[in-house]
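Note on naming: letters A, B, ... go to the chains in the order of the sequence lines (proteins, then strands), and numbering restarts at 1 for each one.
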Amino acid sequence: MNYWLMKSEPSSFSVDDLARAPHRTTVWDGVRNFQVRNMLRDQINKGDLAFFYHSGGSTPGIAGTMKVSRSGYVDASAFDPQDHHFDPRSTLPKPLWYCVDVTLVKRFKCVVTLAELRQHAALKDMLILRRGNRLSISPVSAIHWQYILKLAAQT
DNA sequence: GCCAACGTTGGC
DNA sequence: GCCAACGTTGGC
């Protein structure tokens, strides 16, 4: 079982949106980066756990936890010319892009902010804290996962 | 295959 | 709104 961190801009889709979604579940689609595509297709499995990270807003940070409820499958949004993420290079016989389904496990009472994460030496190697990190999904170690869960429980 | 230009991400 | 980082594109 693996742990991940998945970014979303709360103005487009937030942890509260996920809490309101049917079965607290959504398709995590629209990823158009090859490194992240490879993770979605090959590495992120049903049963894995992930942090829901709010990026771009006024208070970036981890807002809750999710479970992967469906492993990688073809991202149909690439086929829809009306969709913002339409990509004509992706075809049914040769799909380019992949997605997973995620289900909300727990919405944190308070967001564990990026600023707070930076204050903990135990987390200094987290990919999210690295300069220039722009991947919308990154792996999280079991140690960091447990540590952050404790932080979230304290606040 | 190199590399400049360009676009996007995301913190601040 | 600014800017650093970095992925992608396309000319050569």
Restricting to salt bridge (Lys or Arg N to Asp or Glu O under 4.0 Å), what partner residues turn up for [X], sequence neighbours left out?
X       : value
A:Arg70 : none
A:Arg20 : A:Asp17
A:Asp83 : none

message: Aromatic contact between A:Phe52 and A:His54, with the criterion being ring centroids under 6.0 Å apart: yes or no?
response: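 Yes: the rings meet the under 6.0 Å criterion.
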All side chain to side chain donor-acceptor pair (under 3.5 Å) counterparts of [X], not counting sequence neighbours:
X        : result
A:His85  : none
A:Ser141 : A:His144
A:Tyr147 : A:His120

Test item: A:Lys7 and A:Asn133 side chains (from C-beta on) under 4.5 Å apart, heavy atoms: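 The answer is yes; the side chains approach within 4.5 Å.
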task: Please work out if A:Arg89 contacts a base, only the sugar-phosphate, or nothing of the nucleic acid, heavy-atom cut-off 4.0 Å.
output: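 Touches sugar-phosphate only.
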Under 4.0 Å between a side-chain N or O of [X] and OP1 or OP2 of [N]?
X        : N      : answer
A:Tyr53  : B:dT9  : no
A:Arg130 : B:dG10 : no
A:Lys7   : B:dT9  : no

message: Tell me the interatomic distance from A:Leu135, atom CG, to B:dG10, atom P, rounded to whole angstroms.
response: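 Distance check: A:Leu135 CG to B:dG10 P gives 9 Å.
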query: Between atom CG in A:Asn133 and atom C1' in C:dC3, what is the gap in whole Å?
result: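 These atoms are roughly 17 Å apart.
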Polar atom pairs (N or O), protein with nucleotides 4-8 of chain B, under 3.5 Å:
unit_1 : atom_1 : unit_2   : atom_2 : d
B:dT8  : O2     : A:Arg134 : NH1    : 2.4

- request: For the helix from B:dG1-C:dC12 to B:dC12-C:dG1, measure the angle between the helix axis at one end and the axis at the other, each built from five pairs, rounding to 10°.
  value: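 Computed angle between terminal axes is 10°.
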Sequence neighbours left out, cut at 3.5 Å: what donor-acceptor pairs do the side chains of residues 23-30 of chain A make with other protein atoms?
unit_1  : atom_1 : unit_2   : atom_2 : d
A:Thr25 : OG1    : A:His23  : O      : 2.7
A:Thr25 : OG1    : A:Thr103 : OG1    : 2.8

query: So which of residues 107-129 of chain A are in contact with DNA chain C, with a heavy-atom cut-off of under 4.0 Å?
result: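 DNA chain C contact set from residues 107-129 of chain A: none.
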task: Sequence neighbours left out, what passes side chain to side chain contact (heavy atoms under 4.5 Å, CB included) with A:Ala78? Give chain and number order.
output: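 A:Ala78: side chain to side chain contact (heavy atoms under 4.5 Å, CB included) contacts with A:Arg32, A:Asp87, A:Ser90, A:Trp97.
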Donor-acceptor pairs under 3.5 Å, side chain of residues 105-113 of chain A to any protein atom, not counting sequence neighbours: which ones?
unit_1   : atom_1 : unit_2   : atom_2 : d
A:Arg107 : NE     : A:Asp16  : OD1    : 2.5
A:Arg107 : NH2    : A:Asp16  : OD1    : 3.4
A:Thr113 : OG1    : A:Glu116 : N      : 3.0

